[in-house]
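Shown next, in structure tokens, is the structure this report addresses.
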Amino acid sequence: MTIAFEVSDRIKQLPPYLFVEIDRLKNEIIAKGKDVIDLGIGDPDIPTPSVIIKALQKAVENPQHHRYPSTSGMLSFRTAVANWAKNRFGISLDPATEVVSLIGSKEGIANMPLAYINPGDYVLVPNPGYPPYTSGTLFAGGIPYLMPLLAQNKFLPDLNAIPADIANKAKIMFLNYPNNPTAALATPEFFADVVAFAKKYNIIVCHDAAYSEVCFDGYKAPSFLETPGAREVGIEFHSLSKTFCMTGWRIGFAFGNPQIVAALAKVKSNIDSGAFQAIQEAGITALTEGLAPAKNIYNVFERRRTMFVKGLKDIGLECDMVKATFYIWIKNPGKFSSAELAKRLLEEAALVLTPGNGFGKYGEGYIRAALTVPEPRLQEAIDRIKSVL
Ligand SMILES: *Cc1c(COP(=O)(O)O)cnc(C)c1O
């Protein structure tokens with residue numbers, strides 16, 4: 001006899017996982033021996049630059065690194081972060097109080113609401129968006145208030161559309177630019193509006209900058225913290241995952257307002273014990289010697305983007321020649337819902353794309369492709385899309 005254990009309300013209230021059906025179908029089609037092209041997951045196919053791998057190999061030999069790390073991270077890692085932020089964004093950070101290491105930025109993002117949200121507090125969450133903004137909010141007992149990201153607003157939330165009574169009850173706003181899944185960019189004017197809004201309503205701005213380095217055509221994404229006044233209200237989450245093709249390594253960092261950094265570190269000190277120090281050592285190498293090899297990786301994504309977007313436009317699809325991220329947010333040409341279109345592409349053409357509503361209801365009407373396969377496979381993907389449409 002099996003005993004039924006009831007999961008918590010916080011698990012039950014999570015939104016349904018819309019990729020379950022796609023995953024099931026994908027595995028079925030792989031089992032049939034079909035040649036599946038997977039543009040579904042935002043996980044780069046390019047290996048981590050070798051200089052970073054060598055740094056880990058060396059660091060792992062050091063017995064000092066076999067012991068518990070500190071939750072906030074080695075001061076040497078946080079100093080490397082501060083130096084990088086100074087060179088990259090022109091912002092000066094105190095590594096001891098304004099920087100915290102993370103076990104991947106997802107960890108910090110998901111834990112952040114635990115530091116500030118009481119049951120019933122609101123969190124302003126972009127939709128479509130990265131799921132941990134919502135799940136982290138729900139785990140803390142907060143209420144997500146969806147900020148629609150719409151094409152007519154260049155996929156920036158309309159701050160004026162947030163009712164004052166919601167803004168008054170909101171304690172955190174999540175933002176993410178360059179954006180996943182829409183690949184939209186934030187302007188300095190938008191960030192300035194966000195600072196004014198956050199000050200007016202006493203809201204902490206959590207900016208997810210996971211794609212700040214994956215930029216094309218000479219574009220350089222700004223840090224939210226460059227915005228005048230942002231350091232009073234903000235914390236920014238960064239990741240080595242996309243910047244250096246290190247998704248499996250689990251290392252990231254956050255910097256910003258020291259109160260907010262300390263509150264996040266307090267949560268973390270009760271949940272985890274920091275990132276493996278050998279990986280932090282490799283992270284230091286990434287942030288210093290890894291920048292040049294990483295540039296070559298962005299060039300690969302840039303070429304893929306150019307050929308893929310041109311190819312999609314040639315077959316009559318609507319999408320932008322994006323300037324950052326490795327995602328193409330393709331307008332669903334109609335006839336089917338996004339989920340139905342994704343299902344057909346998979347069943348009829350063994351091609352995995354992510355339906356836009358998998359990132360929230362305001363993602364309906366779009367489908368996302370990740371540029372995580374080489375150019376000949378992207379060409380094959382275009383041919384397959386054409387055959388289904
Ligand atoms: C990939 C990604 C991250 C980074 O996650 P890690 O935990 O650092 O690997 C964060 N935010 C968004 C929007 C992402 O797409």
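Note that this is a predicted model, so its numbers are computed, not measured. Whatever order the structure lists ligands and atoms in, that order sets their numbers, starting from 1.
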Just list the N/O pairs, ligand 1 to protein, that are under 3.5 Å apart, with the distance for each.
from     : atom 1 : to     : atom 2 : distance (Å)
ligand 1 : 7 (O)  : Ser105 : N      : 3.2
ligand 1 : 7 (O)  : Lys106 : N      : 2.9
ligand 1 : 7 (O)  : Arg250 : NH2    : 2.6
ligand 1 : 8 (O)  : Ser105 : N      : 2.7
ligand 1 : 8 (O)  : Ser105 : OG     : 3.0
ligand 1 : 8 (O)  : Ser239 : OG     : 2.6
ligand 1 : 8 (O)  : Ser241 : OG     : 3.4
ligand 1 : 9 (O)  : Ser241 : OG     : 2.6
ligand 1 : 9 (O)  : Arg250 : NH1    : 2.8
ligand 1 : 11 (N) : Asp208 : OD1    : 3.3
ligand 1 : 11 (N) : Asp208 : OD2    : 2.6
ligand 1 : 15 (O) : Asn180 : ND2    : 2.8
ligand 1 : 15 (O) : Tyr211 : OH     : 2.7
ligand 1 : 15 (O) : Lys242 : NZ     : 3.2

Problem set entry | Pairs meeting criterion salt bridge (Lys or Arg N to Asp or Glu O under 4.0 Å) with involvement of residues 349-361, two or more places apart | none
Problem set entry | Contact check, side chains of Pro144 and Phe174, non-hydrogen atoms, under 4.5 Å |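 Not touching, per the 4.5 Å side-chain cut-off.
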Exercise. With under 30° as parallel and over 60° as perpendicular, where do the rings of Phe191 and Tyr177 fit, or are they tilted in between?
Worked result: perpendicular
For this session: List for me each residue that meets side-chain hydrogen bond (donor to acceptor under 3.5 Å, both in side chains) alongside Trp249, sequence neighbours excluded, and say none if there are none.
Result: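 In terms of side-chain hydrogen bond (donor to acceptor under 3.5 Å, both in side chains), with neighbours along the sequence ignored, Trp249 is linked to Thr48.
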Problem set entry | side-chain hydrogen bond (donor to acceptor under 3.5 Å, both in side chains) involving Arg377 - partner list, sequence neighbours excluded | Asp35
Exercise. With distance as the sole criterion, is a donor-acceptor pair present between the side chains of Glu107 and Asn111 under 3.5 Å?
Worked result: yes
